[in-house]
Amino acid sequence: MTDTREEQAAGQPAADENRLIAERRAKLDTLRSTGQAYPNDFRKDTTAAELIARFGDRDADSLEAVEDVFAVAGRMMAKRVMGKIAFVRLQDRSGAIQLMIQRDHLPEGVFHAFKHWDIGDILGARGRVMRTQKGELSIRVSELRLLVKSLRPLPEKYHGLTDTELRYRQRYVDLIMNDNSRNVFHTRSRIISFIRAFMEAPGREFLEVETPMMHPIPGGAAARPFVTHHNALDLDMYLRIAPELYLKRLIVGGLGRVYEINRNFRNEGVSTTHNPEFTMLEFYWAYADYRDAMDLTEMMLSELTQAIRGDHKVIYQGLEIDFSGPWERLSVEDAVRRYNPKLAEADLWNEDFLRSVCSGLQVHTEKNWGPGRLLTELFEATAEENLVQPTFITHYPTEVSPLSRRNDDHPEVTDRFELFICGREIANGFSELNDPEDQAERFREQVANKDAGDQEAMHYDADYIRALEYGMPPAAGEGVGIDRLVMLYTDSPSIRDVLLFPYLRPEA
RNA sequence: GGGCCAUUAGCUCAAUUGGCAGAGCAGUAGACUCUUAAUCUAUUGGUUCUAGGUUCGAGUCCUAGAUGGCCCA
């Protein structure tokens, strides 16, 4: 392998060259010696899907009458040569179309050259539409060009690429080989487009905004941030864990209804439902409360389900999820009692009692946690996984909801909800805390927790308090996890399946 | 962070109790003017994830590590 040795001598990383690549490099050398090896002067004028839509149901005779010549281009995914005739499956962004290539229909030498082209090469072809004897719509090729020489062999044609690690690391190969993977990302795009249209529809008119990704003070969620550094200002900055405090500043500013669909970064573990960077829809809505936000969420996801699935149901990993409302709304307290029937109502705020129940269930607790936090832990440990159908869980304890408005009748809980589907948290929303003095006090409690060792506790954000002091209209706000939503609609078991480039450790 | 499992040709996978590392597809050469995972003939291709160890002998057993998957925290 002289190539490899020469490359290593030239200081390049040792490539995973092999004889298959070497053979293709030799073919590329021949192309270079005879002209432009990577031309960019071929223009397609249609796609596979467009041809199938136009001609898919026409019979052979009627296609004979079509005199138009079409230009297509794409990757050669299959090649079947039979002497002087060949069939190629050409894959483009829309799908695939078959080429029928006859030696005697092409200029001298083209067919001979084609026989040495490889699966994975990118071709351009012109020709009239026809139907083969076996009935497949095809292009009878009158002009054929090699546009890109592919140097690396594609995975095997029948089994494709199944190795999960390779599918994530080399997503480009996964997208070439797996229809299913392409479909997931088409669906993801449709979901996000739908949400934008829904939020901006007449009558709602939420304004899409962009707020900073780098924060001097991380805020808006309980999570550990990634730290980075601004050299010119010699200032540590944090990749945002949530856009919440900035979006609410915009509510103070009078924008009234705002939303943002963008990335959050949390310095936490990786799992089938967690990626260090993930996408959230977050919106804020003046003169609305948490019940309005629940109504809006229910309407949005019901309509989304219709738009994506054409039905009110989704099958996720064998579970049938029914999005037609109304969805159950259940307080944290009621949910805990439903799944722990031995607990009396009076027990739910008894700190010592909750602590003993948690310890009996092997639920980890900390000394400085009050009854609100303990109740929430108990909920997560015993109730969450049972919430398969869309369910709003309401009235989270104030202790775990430092940005939410207290309930008017029960100040130890907030006007907050989370939406669960398939046992997973999909959304989190609440009536916003717009009392600057209450908010300042909650920040001080968070700082005390942080000083006591809670790395996820919030910082005191003085500018945010200042903003509230100017007066924030009463409002509701909510965050919706887009990746988890896409998982549901694409029946994907792992968040990595719905991220084009999920987090992976660097290759060895 | 812990447990279990996996890693063999470009890809998908075999390899009996520790005893010659194999197949299909892809590739290469040839045949073939209607194929659909085309077919037929011949044929090339290996750091068995890495580093140690046990053994006459290791893909297989042991130790450590890497990466991935699943489960748990």
Side-chain angles (χ1 to χ4, degrees), chain A residues 1 4 8 14-28 48 60 63 75-91 95-106 111-112 114-121 127 130-141 149-174 176-179 224 267-274 317 358-359 361-366 377 380-381 384-385 423 492-497 502-508:
Chain A
M1 283 264 144
T4 305
Q8 282 169 347
D16 53 344
E17 293 276 343
N18 60 50
R19 96 206 122 73
L20 296 173
I21 296 175
E23 278 164 8
R24 291 183 178 213
R25 276 195 202 284
K27 293 177 183 178
L28 175 60
L63 290 175
R75 195 181 294 274
M76 178 160 65
M77 297 302 290
K79 179 188 178 195
R80 293 180 281 272
V81 180
M82 271 144 295
K84 300 180 187 66
I85 188 171
F87 296 89
V88 159
R89 189 160 69 87
L90 196 74
Q91 178 171 292
I97 185 96
Q98 178 167 272
L99 307 180
M100 192 186 79
I101 302 167
Q102 289 163 289
R103 187 191 68 178
D104 300 337
H105 256 67
L106 292 169
F111 193 81
H112 183 261
F114 158 77
K115 285 205 279 188
H116 294 281
W117 298 349
D118 293 293
I119 288 168
D121 287 353
M130 51 112 34
R131 194 168 287 284
T132 63
Q133 286 174 17
K134 293 284 169 63
E136 179 155 351
L137 180 69
S138 305
I139 290 184
R140 188 194 305 274
V141 174
K149 182 75 216 165
S150 169
L151 296 177
R152 288 178 180 266
L154 288 174
E156 195 240 349
K157 61 188 170 191
Y158 185 59
H159 298 92
L161 185 68
T162 62
D163 183 283
T164 37
E165 184 177 355
L166 280 181
R167 286 186 50 231
Y168 300 147
R169 278 197 201 285
Q170 300 186 30
R171 182 67 88 184
Y172 36 90
V173 180
D174 181 42
I176 291 169
M177 297 305 297
N178 294 323
D179 293 349
R224 296 178 64 181
N267 206 339
E268 296 167 349
V270 176
S271 76
T272 50
T273 49
H274 295 82
Q317 304 294 293
C358 283
S359 118
L361 291 166
Q362 311 270 331
V363 173
H364 171 82
T365 59
E366 297 276 350
E377 295 288 328
E380 289 177 3
E384 240 180 59
E385 62 183 337
S492 298
S494 169
I495 195 171
R496 295 183 192 96
D497 296 321
Y503 171 77
L504 294 175
R505 285 188 171 81
E507 279 181 84

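Letters A, B, ... mirror the listed sequences (proteins, then strands); counts begin at 1. In this text, all values refer to a predicted model and were calculated from it rather than measured experimentally. In what follows, every heavy atom counts, from backbone to side chain, and hydrogens, waters and symmetry copies are set aside.
Of the P atoms belonging to B/G57 and B/U47, the separation is 23 Å, rounded to the nearest Å. If you take atom C1' in B/A21 and the same atom in B/U48, they sit 8 Å apart, rounded to whole Å. With both ends at atom P, the span from B/C5 to B/A64 equals 14 Å, rounded to whole Å.
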Every protein N/O lying under 3.5 Å from an N/O of nucleotides 69-73 of chain B:
| from | atom 1 | to | atom 2 | distance (Å) |
| --- | --- | --- | --- | --- |
| B/G69 | OP1 | A/R496 | NE | 3.2 |
| B/G69 | OP1 | A/R496 | NH1 | 3.1 |

Practice item. Any chance you could encode RNA chain B as dot-bracket? Rule is Watson-Crick or G-U wobble with both distances under 3.5 Å; [ ] for pairs crossing earlier ones, | for another strand. Key: (((((((..((((.....[..)))).(((((.......))))).....(((((..]....)))))))))))).

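Residues satisfying the side chain to side chain donor-acceptor pair (under 3.5 Å) criterion with A/D497, sequence neighbours excluded, are A/Y168. Listed by chain and number, the residues in a side chain to side chain donor-acceptor pair (under 3.5 Å) with A/N267 amount to none (sequence neighbours excluded). When the side chain to side chain donor-acceptor pair (under 3.5 Å) test is applied to A/T273, the partners found at least two apart in sequence or on another chain are A/S271.
The aromatic rings of A/F114 and A/F111 lie tilted to each other, with the angle between the two planes from 30° to 60°.
For the OP1/OP2 pair of B/U67 and a distance below 4.0 Å, the side-chain nitrogens and oxygens of A/R505 include at least one atom meeting the criterion.
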Check your understanding: Reading nucleotides 21-28 of chain B 5' to 3', which nucleotides get B (base under 4.0 Å from a protein heavy atom), which S (sugar-phosphate only), which -?
Key -> ---BBSSS

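Ranking B/U67, B/C32, B/U36 by closeness to the A/R80 side chain, first place goes to B/U36. Across B/A38, B/U36, B/U67, the shortest atom-to-atom separation from the side chain of A/A78 is found for B/A38.
At whole-Å resolution of the value, NE2 in A/H112 and P in B/U33 are 15 Å apart.
Taken from CZ in A/R24 to CG in A/D118, the straight-line distance is 4.0 Å, to the nearest 0.5 Å.
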